[in-house]
Amino acid sequence: MKDINEIRADFPILQRKIYGKPLIYFDNGATTQKPRCVIDRQEEVFTEFNGNIHRGIHYLSDASSEAFENARETVKSFLNAGKKEEIIFTSGTTGSINGIAFSFGERYINPGDEILVSWLEHHANIVPWQMMCERKGAILKVIPVDDSGEIVLSEYYRLLSPRTRLVSVTQASNALGTVLPLKEIIAAAHAIDVPVMVDGAQGVQHGNIDVTDLDCDFYVFSGHKIYGPNGIGVLFGKEKWLTELPPFQGGGDMVDKVTFEKTTYNELPFKFEAGTMNYPGAICLASALDYLEGLGRENIAAMEKELLRYATERLSSIKGLKIYGNAKEKISTISFLLEKIHQYDTGMILDKMGIAVRTGTHCAQPVMDRYGIDGTVRASLCFYNTKDEIDSLVAGIERVKIMFA
Ligand code: PMP
């Protein structure tokens, strides 16, 4: 196992200074920084073997196609999916959810049907379902959360009904850090034959994810939040669903035979991959996943658990600081507010100290409404962060307090 200095040396951006101060990057929930191997792989794609995939008989096209399909295999292993045909590349979590919402809506949804989401969802797991409900005359139902930021399971069981067609929940809240009890959620839905989609955008990078063990029907995530490039994402779907669902985009590559009278679609997974895919993104995402496997996902989870424990303890000791989200199971994300100091002011002053945090509603406005606030300061930590950096955050917050005293 690499030590923390070796790990940090793998991420070139962590060596830079902001306003003359060492960068302290606590905005990993928004996007993660990239290890050298991902950066190098991108250069390699464009200097060694770039050619459009699945289309040519020439050397470069073959090499790119092979690397792209190997990337699919890497994602399949990372998620422990049953088959590589169940791995669809998309533009990201948002792209994946919109795709499923469209296809599922077209195939299965009728007026009066219900879709269940939780109160903790990112807008990406709310709006596509609202759009689908509007198109199909369906109804969106919401599982409430309690004061600690946990979903109220008894209410979920009550909301599940013969009208429920799909449950779509996040693995972890980007705003509060809450980890959802996915096994219970999935078991209850399956007991009445309702499929479950999991938004893994804030879950996949924090530990082991096993879609076979979890038994979810769909699982989605974004490359850029797991140390890979932007513009690439994944949609895992069980083969039986992907076989039945219609494609969400039409175009090149996703077809079998095209005539003006009738078009037939390609086999899985290509049926859902229309047009030139972001193969450089997929190839570099695979490098990021390999890097994480190299560190050991259990090691990553342990490091982040300790960072969360330490940061929670240190931040809780600051007078006038309130943490939002105190669920028993959390990812290493802490949302907080300082008494009488607006989150933007806190964030802007921390920035001048080289500390990057996120402020605002975190694209999760309903959660903020639930707590009657208009946003929080969010520190989202990951394995390359250190306790020294947490100490600097605490010192920075104390300075913000003095400036506003
Ligand atoms: N879901 C969750 C829980 C998220 O945190 C995010 C990104 N903040 C998204 C979905 C959307 O991801 P993307 O913007 O990469 O599509």
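We count ligands from 1, going down the list as the structure has it; atoms in each ligand are counted the same way.
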Considering only distance and modelled atom types, tabulate donor-acceptor pairs under 3.5 Å from the side chains of residues 281-295, sequence neighbours left out.
residue, atom, partner, partner atom, Å
Tyr291, OH, Asp10, OD2, 2.7
Glu293, OE1, Arg297, NE, 3.4
Glu293, OE2, Arg297, NH2, 3.1

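- Shortest contact from atom 5 (O) of ligand 1 to any protein heavy atom: Gln202 NE2, 2.7 Å.
- Residue Thr170 approaches ligand 1 through these ligand atoms, each under 4.0 Å from one of its heavy atoms: 3 (C).
- When only non-hydrogen protein atoms are considered, atom 3 (C) of ligand 1 lies nearest to Asp199 OD2, 3.5 Å.
- When all heavy atoms of Ile100 and Leu245 are compared, the closest pair comes out as CD1-CD1, 4.1 Å.
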Which donor-acceptor pairs under 3.5 Å do the side chains of residues 331-350 make with protein atoms, sequence neighbours left out?
residue, atom, partner, partner atom, Å
Ser332, OG, Leu381, O, 2.8
Ser335, OG, Ala175, O, 2.5
Ser335, OG, Thr376, OG1, 2.8
His342, ND1, Tyr344, N, 3.1
Gln343, OE1, Gly360, N, 3.0
Gln343, NE2, Asp374, O, 3.3
Gln343, NE2, Asp374, OD1, 3.0
Thr346, OG1, His342, O, 3.3

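- Distances from ligand 1 to the non-hydrogen atoms of His123 include no value under 4.0 Å.
- The residue among Gly223, Gly92, Ser222 with a heavy atom at the shortest distance from atom 13 (P) of ligand 1 is Ser222.
- Using cut-offs of 30° and 60° on the angle between ring planes, the pair Tyr227 and Phe383 is tilted.
- Nearest protein neighbour of atom 4 (C) of ligand 1, counting heavy atoms only, is His122 CD2, 3.4 Å.
- Of the heavy atoms in Lys225, only side-chain atoms (C-beta onward) come closer than 4.0 Å to ligand 1.
- Closest protein heavy atom to atom 16 (O) of ligand 1: Thr94 OG1, 2.6 Å.
- Proximity of Glu121 to ligand 1, defined as any heavy-atom pair under 4.0 Å, is not found for any part of the residue.
- Relative orientation of the Phe104 and Trp241 rings is tilted, given thresholds of 30° and 60° on the angle between their planes.
- Salt bridge status for Arg8 with Glu389: present, with a side-chain N to carboxylate O gap under 4.0 Å.
- For ligand 1 and Asn174, the ligand atoms under 4.0 Å from any heavy atom of the residue are 5 (O).
- The shortest heavy-atom contact between Gln365 and His123 is N-NE2, 2.8 Å.
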